[in-house]
Amino acid sequence: MKSNYHTVAACLTLFALAAIIPAHTAGGADNPTPKKKITMQNWGEVEGQPVSVYTLTNNSGMTAKIATYGAILTELHVPDKIGAIGDVVLGFDTVGEYVKNSPYFGATVGRVANRIAKGRFTLDGKEYTLAVNNDVNHLHGGVKGWDKKIWTAEARDTPAGASVTLRLVSPDGEEGYPGTVQASVTYTVLRDSNTLRIEYEATTDKATPINLTNHSYFNLKGDGDVYVHEATLNADSYTPTDATQIPTGTIAPVAGTPFDFRTTHPIGARIRDTGGDPLGYDHNFVRNSPETFGLAARVSEPFTGRVLTMSTSEPGFQFYTGNFMDGKTVGKRGVVYATRGAFCLEAQHFPDAVNQSAFAPIILRPGETYRQRTEYIFSLSK
Ligand code: BGC
């Protein structure tokens, strides 16, 4: 009798739960906590195509939102030292603003992140001409890079944590690149730590360059400039650039330069000495021990106590301090973003690698699989 009562009660509870969790909610079934780990919402349309946003959460206070437009990380919420949860990436409230306005906020950048000199390269004896969209150079995949495409998405609650995989087919000839590429990017909010893991894969039917990254603009305080954020970069060298931001080909030691973050420095301390126009960091750093997955950078913010550590499989990373931000962009929740109001840590192979024999190659050939893994790990300073 008693056990029947329990069976009926359990059935009713399950029925009630099924009624409140929408059909599009994935995951959570094998999770001990009642909170939904993955939800999906419609987020309007771009060129008549529906766009969705997936929300991934863990039990330690991390929530990530990822849009199918551009496979963009639109929000990333983490706790500060008093337990207040805050959004630490820049972005917009609506997809329309990303279409109109975005300097690659949170975007998945491809087929090749960063610059290719004059939008030209030669591969297997054939010269290719790409879209030129940054002064005289090609930047971040061209006029309509992968950050402006609608990806398909599939969410799953995995043993590692709540996860969404976005997929894209990039046709032969897109932005001037050879080969049809099948690409995926998987975002996972780890179950047991406040870590956002991003994994990329790509295959092709013709040899083509591939160099994917995430272009999140971080501000560990939420807004304002990032001058007092303190950075430590695991890089003994960097790749100096010419006036159009193309690497000269030299791999130069950071010692004795404002690029030496081997010991911790506030981001703003030596920004005037960087020499760029506009001033600021916008450089590729050569990660120490580049052959193995490992530490690239650690950035902390003294008031909130938030610490971001980035580890990656990539040999380099672009450290960019939002120098081109004009101080007028109105972002999420109506916040006006300051110039140098964020820092980006774009894990990648080196810029213009396709034209530079001293840099690790980025050519993917049929039968091979490109793989990239980057983790953004959040903690609190002592
Ligand atoms: C580049 C910057 C550029 C920014 C936004 C960064 O990866 O290095 O020069 O302004 O992306 O496009």
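Whatever order the structure lists them in is the order used to number ligands and atoms, beginning at 1. Position 1 is the first residue of the sequence; numbering continues from there. All values below were derived from every heavy atom in this structure, side-chain atoms included, with hydrogens, water molecules and symmetry-related copies excluded. Given the structure is predicted, the values throughout are model-derived calculations rather than measurements.
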Peer 1: Against the six-membered ring of Phe261, is Arg270 placed for a cation-pi contact (under 6.0 Å from the centre, within 45° of the normal)?
Peer 2: yes
Peer 1: So, is Arg115 polar-close to ligand 1, with some N/O to N/O distance under 3.5 Å?
Peer 2: yes
Peer 1: What part of Leu139 sits under 4.0 Å from ligand 1 if we count only heavy atoms: the side chain, the backbone, both or neither?
Peer 2: side chain
Peer 1: Which atoms of ligand 1 sit under 4.0 Å from any heavy atom of Asp282?
Peer 2: 1 (C), 2 (C), 8 (O), 9 (O)
Peer 1: Just checking, Arg373 and Phe293: is the charged tip under 6.0 Å from the six-membered ring centre and within 45° of the axis?
Peer 2: yes
Peer 1: What's the shortest distance from atom 6 (C) of ligand 1 to any protein heavy atom, and which residue and atom give it?
Peer 2: His215 NE2, 3.3 Å
Peer 1: To which protein heavy atom is atom 10 (O) of ligand 1 closest, and what is the distance rounded to 0.1 Å?
Peer 2: Phe324 CD1, 3.2 Å
Peer 1: Is it true that His349 and Phe359 have ring centroids separated by less than 6.0 Å?
Peer 2: no
Peer 1: Do the ring centers of Phe105 and Phe92 come within less than 6.0 Å of each other?
Peer 2: yes
Peer 1: Is it the case that ligand 1 has an N or O less than 3.5 angstrom from some N or O of Tyr104?
Peer 2: no
Peer 1: Does the ring centre of Tyr376 sit less than 6.0 Å away from the ring centre of Phe218?
Peer 2: yes
Peer 1: Going by the order shown, which atoms of ligand 1 are within less than 4.0 Å of some heavy atom of Tyr217?
Peer 2: 5 (C)
Peer 1: Does the separation of the ring centres of Phe319 and His283 fall below 6.0 angstrom?
Peer 2: no
Peer 1: Heavy-atom distance to atom 7 (O) of ligand 1: which of Met325, His283, Gln318, Glu346 wins?
Peer 2: Glu346
